[in-house]
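Structure first, commentary second.
Values below: all heavy atoms of this structure, side chains included; hydrogens, waters and symmetry mates excluded.
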Amino acid sequence: DLISLPCEQMGPADLEQAARDLAARHGAEVDSIVGDDLLKQNLPVVHAVGRAAGVGREPRLVDMRWGSGSSKVTLVGKGVCFDTGGLDIKPASAMLTMKKDMGGAAHVLGLASLVMDS
């Protein structure tokens, strides 16, 4: 349902909060790297996508961890939220579906929820 929300209700901080809410329900841990801290952690491309964003809509990398043991599975989903102050380099026709750019992250949260529920 995250993909269908209007962009003013699903910015980077909102997507992070969705991950935090899911983590809280399942005892998972969440860390995030936000704004200029992305540069300090050598993540300039993530920073570049939303570097012009206003306060509260800064770009971020969200890392959620759950479970124990030596076997690990990593799920990665692109979560570029629409209208977060990045550079507009897409053609006008692509604007119709641009808010779905965060769909990869939304799918990963859905899959993580299924895994943690089982």
Side-chain angles (χ1 to χ4, degrees):
D1 198 37
L2 299 173
I3 297 170
S4 62
L5 288 171
C7 60
E8 66 270 9
Q9 295 177 15
M10 187 45 61
D14 302 301
L15 189 55
E16 177 184 348
Q17 189 59 54
R20 289 187 180 281
D21 292 346
L22 177 62
R25 287 195 304 272
H26 295 283
E29 297 177 27
V30 176
D31 290 316
S32 64
I33 305 170
V34 180
D36 289 341
D37 286 340
L38 291 162
L39 295 173
K40 295 174 187 169
Q41 295 295 320
N42 198 27
L43 298 164
V45 177
V46 177
H47 181 269
V49 171
R51 67 177 173 248
V55 174
R57 295 186 72 81
E58 301 90 350
R60 61 201 66 222
L61 183 127
V62 179
D63 178 20
M64 180 169 57
R65 293 166 314 287
W66 173 80
S68 60
S70 59
S71 297
K72 305 283 184 198
V73 174
T74 299
L75 306 172
V76 178
K78 181 178 100 172
V80 179
C81 298
F82 180 65
D83 198 23
T84 53
L87 303 175
D88 181 10
I89 58 174
K90 290 187 177 187
S93 61
M95 295 299 282
L96 297 173
T97 59
M98 196 169 183
K99 78 173 204 157
K100 295 181 181 181
D101 275 0
M102 53 71 66
H107 278 89
V108 163
L109 290 177
L111 179 57
S113 178
L114 289 171
V115 169
M116 292 187 287
D117 282 341
S118 63

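Between R51 and P59 the shortest heavy-atom distance is N-CG, 4.4 Å. The two atoms that bring V30 and A23 nearest to each other are CG2-CB, 3.3 Å, heavy atoms only. Across every non-hydrogen atom of M10 and L2, the tightest pair is CE-CD2, 3.5 Å. Contact between G79 and A105 at its shortest, heavy atoms only, is CA-CB, 3.5 Å.
Taken to the nearest 0.5 Å, the CD1 atom of I33 stands 10.5 Å off from the CD atom of E16. For the atom pair CG (D1) and CG (L109), the distance works out to 12.5 Å, reported to the nearest 0.5 Å. Atom NE2 in H47 sits 10.0 Å away from atom NZ in K40 (nearest 0.5 Å).
Applying the 6.0 Å contact sphere to CD of E29 captures no more than 12 heavy atoms from other residues, nucleotides or ligands.
Judged by distance alone, the side chain of E58 and the main-chain N or O of G56 form a donor-acceptor pair under 3.5 Å. Between the side chain of W66 and the backbone N or O of M116, no donor-acceptor pair lies under 3.5 Å.
Residues V73 and L111 share a hydrophobic cluster, clusters being chains of Ile/Leu/Val/Met/Phe/Trp/Tyr side chains in contact below 4.5 Å. M102 and V108 end up in the same hydrophobic cluster when Ile, Leu, Val, Met, Phe, Trp and Tyr side chains are linked at under 4.5 Å. Hydrophobic clustering keeps V76 apart from L43 (ILVMFWY residues linked when any side-chain heavy atoms are closer than 4.5 Å, directly or through intermediates).
Side-chain contact between S113 and L22 is present, with heavy atoms from C-beta onward closer than 4.5 Å. Contact of the V62 side chain with the L15 side chain is not registered, since no non-hydrogen atoms from C-beta on lie closer than 4.5 Å. Inter-residue side-chain proximity for H107 and I3 is flagged as met; some heavy-atom pair is nearer than 4.5 Å. Taking the side chain as every heavy atom from C-beta outward, R25 and D21 approach each other to under 4.5 Å.
Salt bridge absent: D37 and R60 never bring a charged side-chain N and a carboxylate O closer than 4.0 Å.
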